[in-house]
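Before any comments, here is the structure.
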Amino acid sequence: MRFPTVQEQLDIIVGNVVEIISTEELEKKLLHSLQTGKPLKIKLGADPSRPDLHLGHSVVLRKLREFQDLGHEAILIIGDFTAMIGDPSGKSKTRPQLSAEEARENGKSYFEQASKILDARKTTICYNSDWLGKMTFSDVIRLSSHYTVARMLERDDFERRYRSREPISIHEFLYPLAQGMDSVHLKNDVELGGTDQKFNLLVGRDLQREYGIAPQVCITMELLVGTDGKEKMSKSLGNAICFNDTPNDMYGRALSIPDSLIETYCRLLVPQKSQPLAEVLEDLTSNPREAKRALAREIVAQYYSLTAAGEAEEHFDRVFVQKKAPDNIELFLFDEPSFPVIDLLIRLGAAPSKSEARRMIQQNAVALDEEKITDTNALVPLDDEPKTIRAGKRKFYKVATKKTF
RNA sequence: GGGUAGGUAGCGAAGUGGUUAAACGCAACAGACUGUAAAUCUGUCGACAUAUGUCUUCGGAGGUUCGAAUCCUCCCCUACCCA
């Protein structure tokens, strides 16, 4: 296998990278692999307790893909062991305790989603329970003796929580160590992560050194800001665009980002810009609308297809710009010949309680075939011909009776 | 083991015997506006009935009282300080 030259590789690797610790070591490693023909091992950790990948993950996954394309070995580590331990303090609901089966299942799903970006055939997958699960208590004590509490408290979220008197349980200190042990076990050359992972990556580097292994190069990638334009993208904050979102959702969410984020998104998410997108970006300031629409199409096209992107745009224009009903609405069939609106809304799942349903009606959010329902006691007659129920601006249902023969 | 401060609606946080279903902020939902599912503005936001109605909530279990999130007892949980 012929590698590109060290410089050629570096030029690609530095894209969207925030920090490389250290560049000199990376150069040496690249040179060595070039001379020996041995690819570098590139590690990326995956948290199976959050199996819904979003565009934030794509930034670092894409970097891993670049390494693959340069001929290096991509290793995806599923952190099933740590996910199984969970977080007994109950403070972090984002890290629920998983059973072994769930962890495996999520790991599989993670890999499937990641394959939208990675070259799946060339990706090695490992489950860290394979080695962490075999460690004895004395192994763990030996491991923890390599690190001090003061060093742990250097991590800013630990420090913040300690200062604001939030609980930190001991096992949380073990997480970075466990992650570091992955690096010791794999003897990887490089580990990738977001800037928020810097501390953990460095622990891996330290531990490798402690255990007499060549320390890994740590590469941190820019974090993607979520659609709210404020916090980092995260499923739990509701500002994420997920790999598994429908094309319609993906398109709509992409359009909802603030205009100031358009350039960043293009840079981090669309490395190979299509001709139309590049052109529109030229006059971004004069026409942010077109730029954002092009960006949204491009994103949908990456995870689905150009056709799907076009359809998503049509759907969006129809429903949100022209405020018409979409053309493919789910049809619900009932035995009953009529329903009080309130009950119907609940049956359809449009409202969680009767009070909520009543409120929606009072707020003019409910319409039957484009005609607003204002009476909370109204009866909706059903027949064979489907009628369209709209609840709010986003929820549409078609209702009809089951045909009896 | 000793001490201090706490546990209130999805989250954060007021409220210390009686118009308190419980201020306020965030989230959520709806409406208006917009190129947008953004931003902004307005409204709603325990449940069930709707005309001024009823029921269930303030860590848990008991108790005092005409009446308790608010007082008492016991228990559970959390943070911090001292050992």
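When Watson-Crick and G-U wobble pairs are counted only if both distances are under 3.5 Å, B:U16 pairs with no nucleotide at all. As the counterpart of B:G31, B:C41 is assigned, both hydrogen-bonding distances of the Watson-Crick or G-U wobble pattern falling under 3.5 Å. Pair assignment for B:U73: B:A61, on the basis of Watson-Crick or G-U wobble contacts that are both within less than 3.5 Å. Across all strands shown, B:A49 forms no Watson-Crick or G-U wobble pair with both distances under 3.5 Å. With a cut-off of 3.5 Å on both Watson-Crick or G-U wobble distances, the partner of B:C11 is given as B:G25. Across the strands present, B:A5 finds its partner in B:U78; the criterion is a Watson-Crick or G-U wobble pair with both atom distances under 3.5 angstrom.
Salt-bridge check for A:R289 with A:D259: failed, with every basic side-chain N at 4.0 Å or more from each acidic carboxylate O. Taking 4.0 Å as the cut-off between side-chain N and carboxylate O, A:K232 and A:E222 do not count as a salt-bridged pair.
If you find the closest nucleotide of RNA chain B to A:K230 and to A:K292, the one lying nearer the 5' end belongs to A:K292. Between A:K393 and A:R293, the residue whose closest nucleotide on RNA chain B is further toward the 5' end is A:K393.
The CG-C1' distance, from A:L295 to B:A37, rounds to 15 Å in whole Å. Residue A:F316 contributes atom CZ, which lies 7 Å from atom P of B:U36 at whole-angstrom precision. Taking atom OH of A:Y251 as the reference point, atom P of B:G35 lies 15 Å away to the nearest angstrom. When the C1' atom of B:A37 is taken as reference, atom CZ of A:R390 falls 14 Å away, rounded to whole Å. Whole-Å rounding puts the A:F396 CZ to B:A37 C1' distance at 12 Å. Distance NZ (A:K372) to P (B:G31): 7 Å, rounded to an integer number of Å. A:D249 places its CG atom 9 Å from the C1' atom of B:A37, with the value rounded to the nearest Å. Between the P atom of B:U34 and the CG atom of A:D317 lies a distance of 16 Å, rounded to the nearest Å.
Taking the P atoms as reference points, B:C29 lies 12 Å from B:A39, given to the whole Å. For the P atoms, the distance from B:G15 to B:G6 is 10 Å, rounded to whole Å. Going from the C1' atom of B:G46 to that of B:A22 covers 11 Å, rounded to whole Å. The same atom, P, is picked in B:A5 and in B:U19; the two are 28 Å apart, to the nearest Å. Taking atom C1' on both nucleotides, B:G1 is separated from B:A9 by 38 Å, rounded to a whole Å. For the C1' atoms, the distance linking B:U73 with B:C81 amounts to 27 Å, nearest Å. For B:A69 and B:G59, the P atoms lie 10 Å apart once the distance is rounded to whole Å. Spacing between B:C33 and B:C26 at atom C1', rounded to whole Å, works out to 23 Å.
For A:K116 and A:Y304, the positive end sits near the middle of the six-membered ring, less than 6.0 Å away and at most 45° from its axis. A cation-pi arrangement is found for A:R104 relative to A:Y127, the charged atom lying closer than 6.0 Å to the ring centre and inside a 45° cone about the ring normal.
Across all strands shown, A:K323 has heavy atoms under 4.0 Å from base atoms, whether or not it also approaches the sugar-phosphate. Residue contacts for A:N248: at a heavy-atom cut-off of 4.0 Å it reaches a base atom on one of the strands shown. Within 4.0 Å of A:D228, counting heavy atoms only, lies no atom of the nucleic acid at all. Within 4.0 Å of A:G392, counting heavy atoms only, lie sugar-phosphate atoms of the nucleic acid but no base atom. Among the protein residues, A:Q362 comes within range of the nucleic acid bases, having at least one heavy atom under 4.0 Å from a base atom.
Residue-environment remark: CD1 (A:I170) stays at or below the threshold of 12 foreign heavy atoms within 6.0 Å.
Side-chain atoms of A:R394 come within donor-acceptor range of the base of B:A37, with a qualifying N/O pair under 3.5 Å.
The aromatic ring centroids of A:F243 and A:H57 lie 6.0 Å or more from each other.
Not one N or O on the side chain of A:D335 forms a donor-acceptor pair closer than 3.5 Å with the backbone of A:K402. For A:H185 (side chain) and A:D182 (main-chain N/O), no donor-acceptor pair under 3.5 Å exists by modelled atom type.
Between the side chains of A:S129 and A:D80, a donor-acceptor pair is found at a separation under 3.5 Å. Side chain to side chain, A:T23 and A:E27 fail the donor-acceptor criterion of an N or O pair below 3.5 Å.
The side chain of A:A365 has B:G31 as its nearest neighbour among B:A37, B:U50, B:G31. Counting only heavy atoms from C-beta on, A:R289 has its side chain closest to B:G35 among B:U50, B:A30, B:G35.
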For nucleotides 42-49 of chain B, just jot down a letter per nucleotide in 5' to 3' order: B, S or -, based on protein non-hydrogen atoms under 4.0 Å.
-BSS-SBB
